[in-house]
There are 2 protein chains.
Amino acid sequence: MKPKTRKEEIIKTSAILFKEKGFSAVTMRDIAKFMGIKAASLYNHISSKQEILSNIIISLAEQFTYGMDKIQNSHKSSIDKLNYIVELHVSITSNNTDGMASLNNDWMHLKDELEYYLKLRLDYEENFRHIIEQGIKNEELKNANAEAMLFSMLSTLRSLYIWIPNKDDLNTSKLASDLSHVLLTGIIK
Amino acid sequence: MKPKTRKEEIIKTSAILFKEKGFSAVTMRDIAKFMGIKAASLYNHISSKQEILSNIIISLAEQFTYGMDKIQNSHKSSIDKLNYIVELHVSITSNNTDGMASLNNDWMHLKDELEYYLKLRLDYEENFRHIIEQGIKNEELKNANAEAMLFSMLSTLRSLYIWIPNKDDLNTSKLASDLSHVLLTGIIK
DNA sequence: AATTTTAACTAACGATTGTTAGTTGTTCTT
DNA sequence: AAGAACAACTAACAATCGTTAGTTAAAATT
């Protein structure tokens, strides 16, 4: 996970700053200053500010797509699949909390890869929805508002990047199981 | 809810644009163009871009604070209080989905009122947390991870602004009750 | 009818933006 | 030891930013 090339260092630094103020409010001079160099020097390693953003976002989006594909092909129960989705989010997010902020808040500033990102996101949501609808048919899940279920889970999982950094004693598997428990079985006794 | 003064029109327009691209990526010229006037003309009605942002955010934050205070003083059961919190979010959000985007994503660009906003938010979260902890003591709620419960509810409620505009046949009380049901009793049969 | 107020305009400002060009010193490869 | 590759630098660019000053026409008030 440690950046190996200078380009990776720039991307990692940028993600930290993008999380704090958002893509548009961070200047190339901000990024450079944080690294102790001049803005122009960044261009020895990257070709544009856009390239930094798309590197952050697309690689994360593809991790989610890849993980969802594996879950879809796993032939587990609907509830198991939902548990794996929670684990997937906890795992990806805990490895890159900074980048997840950009994925959530700055995707609209993508240019060339905006369409590609939107397709990945739509497919992901449709797969998620399908698992829930299947669970209702199976009678594993309540016959209730499927969209509300999807929305509640997705909102919580997408916000993980805000919560995870505050849990310093990070036990990701306990976090995932606590969260699954709340999301799937609710909070009422 | 319709803007009455020209200043309110500017704020309403700005909220729409801020939701699309974020505060930093929206220029005064963007706002003006959307209204069919020139950027300089905006300054006949507002004193700065900052003032627009703080008008959007602070009024919403104060609505949440006011609503939470009423719930705290209502002497209802913990579960009733949680249901009222869901209603509070659905109600405020459905009346100003655009502004809620700024509240969630652009609060860090506040200047003079940043500290005040952070205090309101912290107090709100602490009141929310207290209701959940009380519910656990009461044995109304499961004796499980209270922070996970808080996080899950708050994440979902804060993301409502993304979801609500897509529900065109907006029955807010059904929405609130469906959402409460999912959040409180879970999704497993 | 005279006057004030409202709300638009043109023009421009100094600062900041992402980026390019060209240069220099250091480190790796041969 | 010589040459290539790497990674920093200074200087500057055209564009755009939020904002101010001063002006003008229409609407509201007196």
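Sequence lines set the chain letters: A, B, ... in the order given, protein chains first and strands last, and positions in each chain run from 1. None of the values given here were measured: they were computed from a predicted structure.
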Practice problem: Assess whether salt bridge (charged side-chain N to carboxylate O under 4.0 Å, His left out) is satisfied between A/E126 and A/R129, documenting all intermediate values. | Solution: CA-CA 5 Å; A/E126 278 178 358; A/R129 182 178 291 111; 5.1 Å; no
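Rounded to whole angstrom, the span from the NZ atom of B/K33 across to the P atom of D/dC17 amounts to 10 Å. Between the P atom of C/dT17 and the OH atom of A/Y43 lies a distance of 12 Å, rounded to the nearest Å. Rounded to whole angstrom, the span from the CD1 atom of B/I31 across to the P atom of D/dG18 amounts to 8 Å. Atom NZ of B/K38 is separated from atom P of C/dT10 by 5 Å (rounded to the nearest Å). For the pair B/M28 CE and C/dA15 P, the computed distance is 20 Å after rounding to whole Å. Counting to the nearest Å, the C1' atom of C/dA8 and the NZ atom of B/K7 are 19 Å from each other. To the nearest angstrom, P of C/dT26 lies 18 Å from CD1 of A/I37. At whole-Å resolution of the value, CG in B/D30 and P in D/dC17 are 7 Å apart.
Each of A/L60, A/I56, A/N96 was compared with A/S102 under the side-chain contact (heavy atoms from CB on, under 4.5 Å) criterion, and only A/I56 meets it.
Contact between the side-chain N/O atoms of B/S41 and the OP1/OP2 oxygens of C/dC9 is found at a separation under 4.0 Å. Side-chain N/O atoms of A/H45 include one lying less than 4.0 angstrom from OP1 or OP2 on D/dA8. Residue A/K49 has a polar side-chain atom (N or O) positioned under 4.0 Å from OP1 or OP2 of C/dG18. The shortest distance between the side-chain N/O atoms of A/R29 and the OP1/OP2 oxygens of C/dT19 is not below 4.0 Å.
Here the nucleotide nearest the side chain of A/A40, chosen from C/dC9, D/dG18, D/dT10, is D/dT10.
Place B/N44 and B/Q50 on DNA chain D by their nearest nucleotides, and B/Q50 ends up nearer the 5' end.
Looking only at side-chain heavy atoms (C-beta outward), B/I52 and B/I31 come within less than 4.5 Å of each other.
Using cut-offs of 30° and 60° for the angle between ring planes, the B/H89 and B/F64 rings count as tilted.
Of the charged side-chain nitrogens involved, none lies within less than 4.0 Å of a carboxylate oxygen, so that A/K111 and A/E51 do not count as a salt-bridged pair.
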